[in-house]
> 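Encoded as structure tokens, here's the structure I'll be asking about.
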2 protein chains.
Amino acid sequence: MQDNSPFHLQDFMPYLLNRAAESTSLEFQKAYKGKYGMLRTEWRVLFHLGRYGSLTAKDICTRASIHKTKVSRAVSALEARRFVVREEMETDRRHALLSLTKAGHAAFDDLIKDAARYNATLMDRFTAEEADTLRRALIKLSTEN
Amino acid sequence: MQDNSPFHLQDFMPYLLNRAAESTSLEFQKAYKGKYGMLRTEWRVLFHLGRYGSLTAKDICTRASIHKTKVSRAVSALEARRFVVREEMETDRRHALLSLTKAGHAAFDDLIKDAARYNATLMDRFTAEEADTLRRALIKLSTEN
DNA sequence: TATTGTTATACTCTATAACTATA
DNA sequence: TATAGTTATAGAGTATAACAATA
């Protein structure tokens with residue numbers, strides 16, 4: 001009665017993925033939350049602005065696959081912390097170009113280093129081939145590319 | 001100024017893991033939520049009782065690494081839906097042995113088939129070796145084993 | 001009418017402290 | 001005192017509808 005199931009939890013991908021995602025996210029959360037009081041979406045928005053330069057909210061939605069309501073709130077929070085400034089575009093006043101302030105850049109530069117270091121410690125456990133397989137598998141498993 | 005960062009988002013493990021976990025979880029959520037109105041923890045508790053037989057709440061906490069407050073609420077919900085019954089143990093009345101009802105077993109049997117099918121479609125995209133690498137990598141990346 | 005962005009709201013998930021009852 | 005389990009509460013994450021302003 002107990003053993004008619006085809007697999008153990010350790011073979012169920014959603015379970016394994018969730019555990020790994022939770023562990024690694026919580027660990028890195030210490031950096032952006034502990035040092036700067038940011039939430040996850042705020043860190044992602046900061047990342048995009050730091051990594052790809054000034055963008056509109058719409059650009060961030062598209063590039064980061066984050067819903068506009070989340071981006072809207074994250075930008076507000078980053079603005080309140082003086083990490084981001086918005087500049088209305090004259091050509092279309094529905095848009096505003098978002099850019100990092102000096103403090104925003106400093107936070108980005110700091111966090112990106114933490115991210116790189118942390119990512120390196122995660123990937124150090126794997127051979128180059130394993131890391132590549134893992135990376136490509138995770139991308140395949142994500143719905144929207 | 002934009003390109004001093006060491007990597008793209010597509011190389012940052014917490015990001016990749018979260019995306020894959022979210023996609024796959026949401027997809028399977030359709031089964032346990034859509035058909036039975038269960039939440040994730042309820043599905044996990046049902047899984048443990050169906051897969052491993054009668055257990056106490058404490059057993060489930062240990063085996064599934066779920067906190068006792070979550071298990072408590074999940075069991076209550078499953079009880080309310082008549083999927084689980086509890087039987088107080090005479091030797092120690094703090095414990096109760098939890099078991100699936102007939103309806104609980106039926107739900108388990110149904111969901112476990114969905115889970116197996118879904119897992120198979122996920123893993124079909126990989127070679128046996130890739131699947132193995134992926135599985136072991138995810139376990140390595142999860143903090144508590 | 002369509003698009004950009006905001007606000008309101010609700011649901012899910014997680015985490016922790018405080019509590020009850022039993023041992 | 002310690003353990004099993006419950007309740008309360010808050011924080012974080014997600015999802016959707018309704019709205020305002022602009023085009």
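Side chains included, hydrogens not; waters and symmetry mates left out as well; all remaining heavy atoms used. Every chain is numbered from 1, with letters handed out A, B, ... down the list of sequences.
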> Round to the nearest Å and state the distance from B/K70 atom NZ to C/dT14 atom C1'.
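From B/K70 NZ to C/dT14 C1': 5 Å.
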> In terms of the nearest nucleotide of DNA chain D, which residue is placed more toward the 5' end: A/T41 or A/R93?
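Its nearest nucleotide lies further toward 5', so the answer is A/T41.
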> Using the closest heavy atom to pick a nucleotide of DNA chain D for each, name whichever of A/T91 or A/Q29 lands nearer the 5' end.
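Whichever sits nearer the 5' end wins; that is A/Q29.
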> Which whole-number value in Å describes the distance from B/N18 CG to C/dT14 P?
12 Å
> Do B/L134 and A/L134 have side chains that approach each other closer than 4.5 Å (heavy atoms only, starting at C-beta)?
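The answer is yes, as the side chains (C-beta and beyond) meet within the 4.5 Å cut-off.
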> For DNA chain D, which nucleotides open and close the run of contacts to chain A, 5' to 3', at under 4.0 angstrom from a non-hydrogen atom?
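Taking any atom under 4.0 Å from a heavy atom of chain A, the span is D/dA12 to D/dA23.
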> In the structure I gave you, are the side-chain heavy atoms of A/L9 and B/R51 within less than 4.5 Å of one another anywhere?
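Result no, sub-4.5 Å side-chain heavy-atom pair not found.
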> A/S142 and B/S23: which non-hydrogen atoms are nearest, and at how many Å?
CA-OG, 3.6 Å
> Within the structure shown, what part of the strands sits under 4.0 Å from A/L98 by heavy-atom distance: base, sugar-phosphate, or nothing?
nothing
> Could you give all pairs that pass the salt bridge (charged side-chain N to carboxylate O under 4.0 Å, His left out) test and reach residues 21-36 of chain B, with sequence neighbours left out?
B/E27-B/K30, B/K35-B/D110, B/K35-B/D114
> When the distance from NZ of A/K33 to P of C/dT14 is rounded to whole Å, what number comes out?
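Nearest whole value for this atom pair: 15 Å.
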> Donor-acceptor pairs under 3.5 Å, side chain of residues 42-49 of chain A to any protein atom, not counting sequence neighbours: which ones?
residue	atom	partner	partner atom	Å
A/E42	OE1	A/L39	N	3.3
A/H48	ND1	A/R44	O	3.0

> How would you list all residue pairs meeting salt bridge (charged side-chain N to carboxylate O under 4.0 Å, His left out) that involve residues 55-65 of chain B, not counting sequence neighbours?
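Counting only pairs at least two positions apart or across chains, no salt bridge (charged side-chain N to carboxylate O under 4.0 Å, His left out) contact touches residues 55-65 of chain B.
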> Is there any salt bridge (charged side-chain N to carboxylate O under 4.0 Å, His left out) pair reaching into residues 123-135 of chain A, and which pairs are they, with sequence neighbours excluded?
A/D132-A/R135, A/D132-A/R136, A/R135-B/D11
> Could you see if A/V85 belongs to whatever hydrophobic cluster contains A/F108? Use Ile, Leu, Val, Met, Phe, Trp, Tyr and a side-chain cutoff under 4.5 Å.
no
> Along nucleotides 4-10 of chain C, 5' to 3', which nucleotides get a B, which get an S, and which get a -, given that the test is a protein heavy-atom distance under 4.0 Å?
BBBBBB-
